[in-house]
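Heads up, the thing below is written out as structure tokens.
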Amino acid sequence: MASIIQTVEGVVANKFIIKSVLTFGRSADNQVQIDDLEVSTSHAQITCDVNNEGVTIYFLEDLGSTNGSYINEEKIDKKQLHHKDNIRIGWNIFTFIDENEINHEKTREIKKSWIPGLFYSKD
């Protein structure tokens with residue numbers, strides 16, 4: 001399952017689950033309504049598809065907006081999303097989270113140094 005999160009000053013302010021289509025825009029009929037004059041009424045959408053290997057992939061598509069849609073600050077018409085991509089709609093930043101692409105690496109161990117209050121990891 002995939003979602004997008006919106007953070008404000010490092011704190012998650014909103015989370016939206018992507019089921020089949022997730023729309024962004026200024027009007028109330030969008031799932032992600034953004035009250036911002038830089039955002040078009042129907043600005044962009046995230047859609048999903050299944051590739052040849054049966055894996056669900058997600059795309060951000062601009063819907064002919066005035067100011068464009070961006071993935072990692074690259075203006076796009078339609079482009080595939082990957083885990084931790086930043087999406088910008090107007091001045092609003094969202095992060096794409098794809099549970100299927102998350103790499104659950106081993107947790108790093110924190111070690112205490114001989115200097116009081118200083119900690120480190122092996123990496």
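Quick caveat, the model's predicted, so the values are computed rather than measured.
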Acceptor/donor pairs from residues 85-94 side chains to any protein atom, 3.5 angstrom cut, sequence neighbours excluded:
| unit_1 | atom_1 | unit_2 | atom_2 | d |
| --- | --- | --- | --- | --- |
| Asp85 | OD1 | Asn72 | ND2 | 2.9 |
| Asp85 | OD2 | His82 | N | 2.7 |
| Asn86 | OD1 | Thr95 | OG1 | 3.3 |
| Arg88 | NE | Glu73 | OE1 | 3.2 |
| Arg88 | NE | Glu73 | OE2 | 3.1 |
| Arg88 | NH1 | Gly90 | O | 3.0 |
| Arg88 | NH2 | Glu73 | OE1 | 3.2 |
| Asn92 | ND2 | Asp36 | OD2 | 3.2 |
| Asn92 | ND2 | Ile89 | O | 3.2 |

Looking only at non-hydrogen atoms, find the nearest pair between Thr56 and Cys48 and report the distance.
CG2-CB, 3.8 Å
Going by ring-ring contact (aromatic ring centres under 6.0 Å, His included), name the pairs with one or both residues in residues 29-50, residues two or more places apart or in two chains.
none
Using the test side chain to side chain donor-acceptor pair (under 3.5 Å), find all partners of Glu38 that sit at least two apart in sequence or belong to another chain.
none
Got a second to check how far Asn52's CG is from Ile57's CD1, nearest 0.5 Å?
8.5 Å
Under 3.5 Å, which donor-acceptor pairs do the side chains of residues 10-22 form with other protein atoms, sequence neighbours left out?
| unit_1 | atom_1 | unit_2 | atom_2 | d |
| --- | --- | --- | --- | --- |
| Asn14 | ND2 | Gln6 | OE1 | 2.9 |

Remaining members of Leu63's ILVMFWY cluster at a side-chain heavy-atom cut-off under 4.5 Å?
none
Taken in chain and number order and not counting sequence neighbours, the residues that satisfy side chain to side chain donor-acceptor pair (under 3.5 Å) with Ser3 are none
Taking the hydrophobic residues Ile, Leu, Val, Met, Phe, Trp and Tyr, and joining any pair whose side-chain heavy atoms are under 4.5 Å apart, which ones share a cluster with Phe119?
Ile110
Sequence neighbours left out, what passes side chain to side chain donor-acceptor pair (under 3.5 Å) with Glu61? Give chain and number order.
Gln45
Could you state the interatomic distance from CG (Asp62) to OG (Ser40), rounded to the nearest 0.5 Å?
7.5 Å
Counterpart residues, salt bridge (Lys or Arg N to Asp or Glu O under 4.0 Å), relative to Lys111 (two or more places apart)
Glu109
Residues 46-73 vs ring-ring contact (aromatic ring centres under 6.0 Å, His included), sequence neighbours excluded, gives Tyr58-Phe96
Compare every heavy atom of Leu60 with every heavy atom of Ile46, then report the nearest pair and how far apart it is.
CG1-CD1, 3.8 Å
For the atom pair CZ (Phe24) and OG (Ser65), what is the distance rounded to the nearest 0.5 Å?
12.0 Å
Other members of the hydrophobic cluster containing Leu118, with the 4.5 Å side-chain heavy-atom rule, please.
Trp114, Ile115
Can you name the side chain to side chain donor-acceptor pair (under 3.5 Å) partners of Asp35, sequence neighbours left out?
none
